[in-house]
Colleague: 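I have a structure here, written as structure tokens, and I will follow up with some questions on it.
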Amino acid sequence: MKKLLMLFFAVSLLSSAAFAGTKEGWEVELRQLSLNITSTEVHNTDDKFAEARVKADSQTFIQGKLDFAANYFANKLFWSNTILGEYGKTYVRPVNKEETITENANKVLFTTDLTYRLWNVENFLGGFEAGPFANVGYETQFDNSNGQPLRKILRGKAGAKLFEGKYLKELYAAYVVESDYTYRPESTNTAYEAGFRAEKEIRDGVKLTAKAYYRDYQSYSEEKMSDLDYEFEGEIRLDVMLWNNLSVAPFINYYCASAQHFERVGENWYTGISISYSTFFKRAIEK
């Protein structure tokens, strides 16, 4: 990874190719505002029933997600600012027992990202721009209702990326340094990270989106039981436009993580259908 990044920066400095940006100005986009709700109500249940639908526990699943971006395209620079928030709970109500509540999502992430617009490739993979970038982000949670300390992480990244293509919206590799203030004393951690986000319009009103990232931790200044060896998250969704900017989207989300002090890998598969809204508040000028 280090050799690839050094090679990229060396080529970047030696390159004399002219750059012609495809966009200019502010672009403000609500990528996704979605809500998933599933509810099952069971009354007069009894184990003697052969039908599973009247033997189940009543339960309600609720989850919301916000993905917002405000980007600025200058002649040689691309400045990206994002807000990502997701929160959800599952309520299980067994007969003659107390209700149990578990969180299925709890995350807030603010990022600001500055990329040097070094190259504009037009005839490969639908076209894209490329250049070195630096990123600063802050990750936290809405609350700590699960009894654990509130997650507080300040994270910095530096690397190279391809971005703003017709299909390839982002593909990057980076070196990561993060300060974890969740526990005391705070820990300074390092990692390598790679990720992508791609979109493909299947037909008018139907869009396929795929995204994923992989973060491989290298060191921790303060070792804790919660230290991760690596983590991976990927999602595929198919947005089908219903009306105006409102769509229905079946999706699959997968997350896994390996902790340094546990042998087995923790996994979470999440599948469902969401109702989501997306729109551009302002579009950049096409040059």
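Every value quoted in this text rests on a predicted model; they were computed, and no experiment measured them. Only this structure's heavy atoms are used, side chains among them; waters, hydrogens and symmetry mates stay out.
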Colleague: Just verifying a value: how many Å separate L109 CG and Y138 OH, rounded to the nearest 0.5 Å?
Modeller: 11.0 Å
Colleague: Measure the CG-CG distance between L66 and L84 for me, rounded to the nearest 0.5 Å.
Modeller: 7.5 Å
Colleague: Going from OH on Y167 to CG on L125, what distance comes out if it is rounded to the nearest 0.5 angstrom?
Modeller: 10.0 Å
Colleague: After noting the C-alpha distance and the side-chain angles of S187 and N189, does the key distance pass the side-chain hydrogen bond (donor to acceptor under 3.5 Å, both in side chains) rule?
Modeller: CA-CA 6 Å; S187 176; N189 316 322; 2.6 Å; yes
Colleague: Decide yes or no on salt bridge (Lys or Arg N to Asp or Glu O under 4.0 Å) for E170 and R197, but give the supporting numbers first.
Modeller: CA-CA 5 Å; E170 186 177 61; R197 181 169 61 90; 5.2 Å; no
Colleague: Parallel, tilted or perpendicular: which fits the ring planes of F128 and F124, with parallel below 30° and perpendicular above 60°?
Modeller: perpendicular
Colleague: Would K107 and E86 count as a salt bridge (Lys or Arg N to Asp or Glu O under 4.0 Å) if you check the C-alpha gap in whole Å, the side-chain angles of each, and the deciding distance to 0.1 Å?
Modeller: CA-CA 5 Å; K107 180 179 180 180; E86 52 185 4; 5.0 Å; no
Colleague: Look at E201 together with R203 and state whether they make a salt bridge at an N to O cut-off of under 4.0 Å.
Modeller: no
Colleague: List the atom of A191, the atom of Y217, and the distance in Å for their closest heavy-atom pair.
Modeller: CB-CA, 3.7 Å
Colleague: Applying the side chain to side chain contact (heavy atoms under 4.5 Å, CB included) test to S247, which of D239, I275, L238 qualifies?
Modeller: D239
Colleague: Looking at E98, I want to see if its CD is surrounded by more than 12 non-hydrogen atoms of other residues, nucleotides or ligands under 6.0 Å.
Modeller: no
Colleague: Quick check for you: to the nearest 0.5 Å, what is the distance between E103 atom CD and Q141 atom CD?
Modeller: 7.0 Å
